[in-house]
Amino acid sequence: MFSTSALVVLTTLLTVFTPADAVWPQPQNLQTGTTPLKLSGSFDITISGSIHNAPSDLHQAVQDAKNFIKNDKLERLVVGRGSADSAAVKGAHTLSKLTLSLEKGAAVNSITSEAQKAPDLRDEAYTLTVPADGTGASITANSTLGLYRGLTTFTQLFFYHDGTTYLLNAPIQIEDSPAYPWRGLLLDTSRNFFPVGDLKRTLDAMSWNKMNQFHWHIVDSQSFPLQVPGYTELAAKGAYDSASVYSPKDVADVVSYAGARGIDVMVEVDTPGHTAVISQAHPEHIACAEATPWASFANEPPAGQLRLASPATTQFTSGLLAAVAKMFPSSLFSTGGDEINANCYTQDEETQKALNSTGQTFEQALDTFTQATHKAIRNVGKTPVVWEEMVLDHNVTLGNDTLVLVWISSDNVKAVVEKGFKLVHAASDYFYLDCGGGGWVGANPAGNSWCDPFKTWQHSYSFNPIANLTDDEAKLIMGGQHLLWAEQSGPQNLDPIVWPRAAASAELFWSNPSSGNISTAVDTALPRLHEHSYRMRQRGVNTINLQPEWCALRPGACDLTA
């Protein structure tokens, strides 16, 4: 028998942090009770018989969810790590099943095919119900992708202590859908190479955060690791070594793995800048290849840009982009367009000859080049995606459906949407994961990263996606993403530099916490993010600590006001 004081302590511990509060991202509508439930040793997840011929990736998602629930064994981050829950859980009802169902009339498609739809056509909504009496839990949705998101949430409801998997506050009722259709992560695999296994682990972590867009910046000036059918000489001469390549089979593997986890893979082949490495196989197409001093010809070494005024180079680039686009089923393809160095073209004799022979200005040649390359990818069913300079700095013709990534500064968002383009937030002042790591160029001992300071998860989380926008302009915001440019990153530090910081934008663009009091939102998010980070670590992702564990076990105790 507990004493009155012991019951008070137990009640306090149970209410300080509850299992539904460990869900990340926070559901749009969450209702909980106070009844404990423990998981049956024979617990099972079943797919409703009404889902005829359920796709294989849904079956695999079910198996993955069962494995997570069985193997996570995450003890609550409170003093005693859940030991105070034992008495409440001992006599609790037992939950023995979860059933997945699609709404009447919903199409039965694979998770992959649903995830690879255009962003604004993806249906990720779901309803999750966990009764307090131990009768079956349920997830319903209008798509298999919605069911997958619901499964992700369900696996985050549980904790483990002394052989028992349990939750504390049934009944749980969740009605959930994302605030924005684009919640992504960019990974640069050209400055340093990342093996496929690292990409898959990153995709796993993305899926646990309900992120749905992997922006694969696969090539750049430093290396060309992608083997492209019909253009294999680019990787043969441009990869760092024979092992640092992505074959068509590797690409298909990554795309398939991502799709089964509700993630679309958008590839980027940046043009016309950031293309120096192409000169290793095709010097005729590259202006100022490896020219020095490189800082006069490019934003980082080595210098080199496509000779965009050359019809032969335009034809070569169009063919290359179309060939790459055919490797990826996504409806999106990024042609880049950032950091074009004017001096490179001014100094390039071939470019000047071409401009003089046609009477074109540089901007007119860039427009011709952009229209041709965009036509090439549109012809294979892709919508172009570009960096903000294509809209703000250059006079080029872009289709109205072109998607624009704002990276230089969040201050530029307003100018882009005023031109009527849909936009993805990717601003360096909020979402660059490489900032604050120090300078990486040599012979510069006092140098820091250009985008200092380090972008904390709190700073990213505090971003307001529709700040200073009209209602009509706000409708053009598709979402946002974190970005890792890999000048100082590789497999050795991938996990800790990305996670759990990138989880901040995942929740920002799913739950839209910036619509309320952001200071309060950050404070209440921290305990959940601790739990989420520890759970990710249980699943094999090496997340970085956000605080001393003493603080993590005592939510609020390390606040400046505590």
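Side-chain atoms are counted along with the backbone in the values below, which use heavy atoms only and exclude waters and symmetry mates.
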Query raised in the report: Given the rule in the side chain to side chain contact (heavy atoms under 4.5 Å, CB included) test, do Leu484 and Leu494 qualify, once you have shown the distances and angles that lead to the verdict?
Result: CA-CA 9 Å; Leu484 179 59; Leu494 174 60; 3.9 Å; yes
Report task. Run the numbers on Ser519 and Asn517 for side-chain hydrogen bond (donor to acceptor under 3.5 Å, both in side chains), then give the verdict. Result -> CA-CA 6 Å; Ser519 178; Asn517 184 314; 4.5 Å; no
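- Side-chain contact, Gln213 with Arg122: a donor N or O sits under 3.5 Å from an acceptor N or O.
- No hydrogens or angles considered: nothing links the side chains of Asn209 and Trp499 as a donor-acceptor pair under 3.5 Å.
- In this structure, Lys97 has no side-chain hydrogen bond (donor to acceptor under 3.5 Å, both in side chains) partners at least two apart in sequence or on a different chain.
- Between Asp401 and Lys422 no salt bridge is recorded (no basic side-chain N to carboxylate O distance below 4.0 Å).
- Not a single donor-acceptor pair under 3.5 Å links the side chain of Asn448 to the backbone N or O of Gly438.
- In this structure, a donor-acceptor pair under 3.5 Å is present between the side chains of Thr153 and Lys210.
- A cation-pi geometry, defined here as NZ or CZ lying under 6.0 Å from the six-membered ring centre and within 45° of its normal, holds between Arg501 and Phe454.
- How far CG of Asn169 is from OG1 of Thr34: 8.0 Å, rounded to the nearest 0.5 Å.
- Of the inter-residue distances, the one linking Gln26 atom CD with Asn512 atom CG reads 13.0 Å to the nearest 0.5 angstrom.
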Requested in this report: Please assess Trp485 against Tyr432 for the test side chain to side chain contact (heavy atoms under 4.5 Å, CB included), listing each intermediate value before the final yes or no.
Outcome: CA-CA 8 Å; Trp485 301 105; Tyr432 270 33; 3.1 Å; yes
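- Between His215 and Trp387, the ring center distance clears the sub-6.0 Å criterion.
- Here Asp188 pairs with Arg191 under the salt bridge (charged side-chain N to carboxylate O under 4.0 Å, His left out) rule; sequence neighbours left out.
- Checked by atom type, the side-chain pair Thr127/Glu175 shows a donor-acceptor distance below 3.5 Å.
- Residues Tyr534 and Glu549 bring a donor and an acceptor atom of their side chains to less than 3.5 Å of each other.
- A side-chain donor from one of Ser460 and His482 sits under 3.5 Å from a side-chain acceptor of the other.
- For Asn29, the CG atom counts as densely surrounded, since its 6.0 Å shell holds more than 12 non-hydrogen atoms of other residues, nucleotides or ligands.
- Using a 4.0 Å cut-off between charged side-chain N and carboxylate O, Arg201 and Asp198 make a salt bridge.
- Partners of Arg554 according to the side-chain hydrogen bond (donor to acceptor under 3.5 Å, both in side chains) rule, which considers only residues two or more places apart in sequence or in another chain, do not exist here.
- Ring geometry for Phe158 versus Phe154: interplanar angle over 60°, hence perpendicular rather than tilted (30 to 60°).
- Within the model, atoms CD of Glu388 and CG of Asp393 stand 7.5 Å from one another, a figure rounded to the nearest 0.5 Å.
- The number of heavy atoms from other shown groups lying within 6.0 Å of NZ (Lys73) is above 12.
- Outside the 6.0 Å centre-distance limit, the rings of Phe431 and Trp407 are not counted as a close aromatic pair.
- Within the cation-pi definition used here (under 6.0 Å to the ring centroid, within 45° of the axis), Arg539 qualifies as a partner of Trp208.
- A donor-acceptor pair shorter than 3.5 Å can be found between the side chains of Arg537 and Asn545.
- Interatomic distance, CD of Gln488 versus CG of Asn192, reported as 9.5 Å (0.5 Å rounding).
- Ionic pairing of Asp264 and Lys117 is not present here: no N-O contact between side-chain nitrogen and carboxylate oxygen is shorter than 4.0 angstrom.
- Under the disulfide (SG to SG under 2.5 Å) criterion, no residue pair touches residues 486-547, with sequence neighbours excluded.
- A 4.5 Å side-chain heavy-atom check between Thr383 and Phe333 finds every atom pair outside the cut-off.
- Looking only at atom types and distance, the side chain of Asp452 has a donor-acceptor partner in the side chain of Ser449 under 3.5 Å away.
- Geometric assessment of Arg183 against the ring of Tyr180 yields a negative cation-pi assignment under the 6.0 Å and 45° thresholds.
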Requested in this report: Test side chain to side chain contact (heavy atoms under 4.5 Å, CB included) on Val265 and Ser330 and set out the steps.
Outcome: CA-CA 6 Å; Val265 180; Ser330 175; 5.8 Å; no
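- To the nearest 0.5 Å, atoms CG (Asp64) and OG1 (Thr155) are separated by 10.0 Å.
- Here the CG atom belonging to Leu168 is positioned 11.0 Å from the CG atom belonging to Leu157, to the nearest 0.5 angstrom.
- Take Tyr430 and apply the ring pair (Phe, Tyr, Trp, His ring centres under 6.0 Å) test, not counting sequence neighbours, and it matches His459, Phe463.
- No hydrogens or angles considered: a donor-acceptor pair under 3.5 Å links the side chains of Thr129 and Gln173.
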Requested in this report: Any chance you could lay out the ring-ring contact (aromatic ring centres under 6.0 Å, His included) test for Trp182 and His425, step after step, and finish with the verdict?
Outcome: CA-CA 9 Å; Trp182 183 297; His425 289 295; over 10 Å; no
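- Side-chain contact check for Thr543 and Ser533: at least one donor-acceptor pair (N or O, by modelled atom type) lies under 3.5 Å.
- No side-chain N or O of Asp472 forms a donor-acceptor pair with one of Thr470 less than 3.5 Å apart.
- For residues 134-152, the set of pairs meeting the salt bridge (Lys or Arg N to Asp or Glu O under 4.0 Å) definition, not counting sequence neighbours, comprises Glu124-Arg149.
- With Phe159 as the aromatic partner, Arg535 meets the cation-pi criteria of under 6.0 angstrom to the ring centre and within 45 degrees of the ring axis.
- Only one option out of Leu167, Thr94, Ile69 pairs with Leu39 in a side chain to side chain contact (heavy atoms under 4.5 Å, CB included); it is Ile69.
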Requested in this report: Please lay out, stage by stage, how Trp457 and His532 fare under the test ring-ring contact (aromatic ring centres under 6.0 Å, His included).
Outcome: CA-CA 13 Å; Trp457 76 267; His532 184 53; over 10 Å; no
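- Judged purely by distance below 3.5 Å, without hydrogens or angles, the side chains of Tyr148 and Asp57 never pair a donor atom with an acceptor atom.
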